[in-house]
Amino acid sequence: MAEAQDLQKLAEREYEFGFVTDIETDSAPPGLSEDTIRMISNKKDEPEWLLDWRLRAYKRWLTLEDPAWAKVKHPPINYQDIIYYSAPKPKKQLESLDEVDPEILRAYEKLGIPLLEQKRLAGVAVDAVFDSVSVATTFKAELEKQGILFCSFSEAVKNHPDLIQKYLGSVVPYADNFYAALNSAVFTDGSFAYIPEGVRCPMELSTYFRINAANTGQFERTLLVADKGAYVSYLEGCTAPMRDENQLHAAVVELVALEDAEIKYSTIQNWYPGDKNGKGGIYNFVTKRGKCAGARSKISWTQVETGSAITWKYPSCILQGDDSVGEFYSVALTANHQQADTGTKMIHIGKNTSSTIISKGISAGHGDNTYRGLVRMQKGADGARNYSQCDSLLLGDQCGAHTFPYLEVQNSTATVEHEATTSKIGEDQLFYCQQRGISEEDAISLIVNGFCKQVFRELPMEFAVEANNLLSLSLEGSVG
Amino acid sequence: MTTPILEIQDLHARAGERDVLQGIELTVAPGEVHAIMGPNGSGKSTLANVLAGRPSVDVTHGKVLYRGADLLGMAPEQRAREGVFLAFQYPVEIPGITNMYFAKAALNAVRAHRGEKELDAFDFLSLAREKMKLVEMDEALMNRAINEGFSGGEKKRNEILQMAILEPTLAVLDETDSGLDIDALRIVANGVNSLRSADRSMVLITHYQRLLDYIVPDVVHVLSSGRIVRSGGKELALELEEKGYGWLEEAAAG
């Protein structure tokens, strides 16, 4: 049947960003021990307190086990086979962007992320993280004029140790879970941003993560702090070369919003998903959590997850401040043999806190897509409200979609609403579009984009376009 | 002699397990409006679906020529781009995509096929506004998701609007009158009549004579058990109205 063949092709879409950049790297030997951690800390010239924190995390990690509750399958990971530190080898200390290895700049150009500021369309400041190390941050000086700090995590440790010490681990403690503990022990770099009181960040801040080296894990940390009344919109993007081995990406993202502050965090995740037989690809095991610490603060997560062999990720909000707001908008696409177990946790602590969850799962090929979400209304959360909507779209009959909503309500004045639907792209819908002259491929893309509309409209404009293109690209070649 | 718009020769088709069409013969000249009437299950909608290329219907025998070319060899979207339009009996809902965006995508697909420049949103809007008047369509409906939450009448008007925008050479209207009240029927019929022209042919598929009071056909055919059993002028429809389909079916059997 024509439709089944087309869907199969769709499910076997190719990965566009699979190239490898040939640069010299400074890598540690594989394996994890206290010595590895001391080596990383030493390489980064870190203060004693940070090394101690890493070692505490490591000791805790040794007592933990890989979480087994997610609805994903993979062979056991040998953590001694992974390289925990790999950095592009700089010829000398970098003074400016001009001194970044041109091969790295070219790699980013290829990805459509030009780092040379004069070439950028105005409006986005980028921090580029290449194999765990931040190689360039654009628009830094301009942001500093408003007191906004935006730099690599390592720089922040050096230049703003007070802020790092205050907030590091304040939302995701190192003992939080297996991967968070691992990250805390071995993280190499990442992004840091601080928006001072009352400042509205005038441009999108963006971090672009790239895994290049083989057999390495990428362990970065992102920490964003929006002080009272501040606003920031932040975007992260990610890609990796095509390799036959699975690579581990275990990041931690912490957001802190103080009184009346707002953080909008958008992700377009396009790590290498593996080939059509399920070989290779990134294991994306990420802990992301935001704390609405102050009254009337707001944290909004928007994610478009199209990559990775396995995604294990639950961007969450702790709604501590009264009247604070948490949002989670997600599109997760699993094709070929991709697996995703993703969702969110909304922990309502403060009074009149509210949260919205909109999750759109698309499964194609042998893809397996799970929404897992927790809404907890704690005792003191008088008048708290949650609305959840989880929709699944199936393409073909080999894929799966699952929804696991957990609700814990300890306050009788709280309101929780949950809606869920599962649908298939209907032959009727495709035929209707075709009868109007629209090709089957464009019709699938149209229907899928329509399905994701509620989430895409939450993305900053230019990234909504990128997300649209990414999905369309993923659907390309669906017609013979 | 001018080439007919549509020539159907000894067409047999299966839908599911059933041989629904069993030797259809039909020729439609440019500018003509043909009505195809018949009882439920006679194969009217199957015929419409064969012409549009719905994958679930299998043609087992016969030929269909569209302006002299083999229609059955074309993919559904190619037929559409060549000017074959089907007004659906049950228009489909597609969430998240506005009616306006969809109609523009459809028109631009057709224009690209003809080698014409694609219309931008601005030009398309003025064109669409012009056409909306034909079917007394409210602009608010254009900014809603395709057919989502539309009433029966709104869906059918939307079909005729799309037809007006795409300006097909052959329009097949599959029970466009079903489920319409008298006011909606009048609006839809006015829209269709305004699209009649010397180079556009139409095939109206209907169960009831009522539609033909508003859209007066050149030829009326009666379909029974997958065959055209009788053809005539518009007065044939009136005769059917009076006598029902039974006498024709008996005549065909005998």
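Just so you know, these numbers use all the heavy atoms, side chains as well, and skip hydrogens, waters and symmetry mates. Lettering follows sequence order; numbering is per chain, from 1.
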Query raised in the report: Taking NZ, NE, NH1 and NH2 as the nitrogens, is one of them in A:E305 or A:K360 under 4.0 Å from a carboxylate oxygen of the other?
Result: no

Query raised in the report: Is the shortest side-chain N to carboxylate O distance from B:K104 to B:E118 below 4.0 Å?
Result: no

Have [X] and [Y] got a donor and an acceptor in their side chains that come within less than 3.5 Å?
{"X": "B:Q78", "Y": "B:H113", "result": "no"}
{"X": "A:Q303", "Y": "A:S330", "result": "yes"}
{"X": "A:Q389", "Y": "A:D391", "result": "yes"}

[X] versus chain A, the contacting section by heavy-atom distance below 4.5 Å:
{"X": "B:L166", "answer": "side chain"}
{"X": "B:F85", "answer": "both"}
{"X": "B:P168", "answer": "neither"}

Report task. Output the option from B:A75, B:A109, B:A106 having the highest count of non-hydrogen pairs under 4.5 Å with chain A. Result -> B:A106

Requested in this report: Find the one option among B:R79, B:E93, B:E159, B:E82 whose heavy-atom pairs under 4.5 Å with chain A are most numerous.
Outcome: B:E159

Query raised in the report: Side chain, backbone, both or neither: which part of A:C452 has an atom under 4.5 Å from a heavy atom of chain B?
Result: neither

**Report entry** Interchain contact, A:F451 with chain B, by part (heavy-atom threshold 4.5 Å)
**Finding:** backbone

**Report entry** Atom OH of B:Y90 with >12 non-hydrogen neighbours under 6.0 angstrom
**Finding:** no

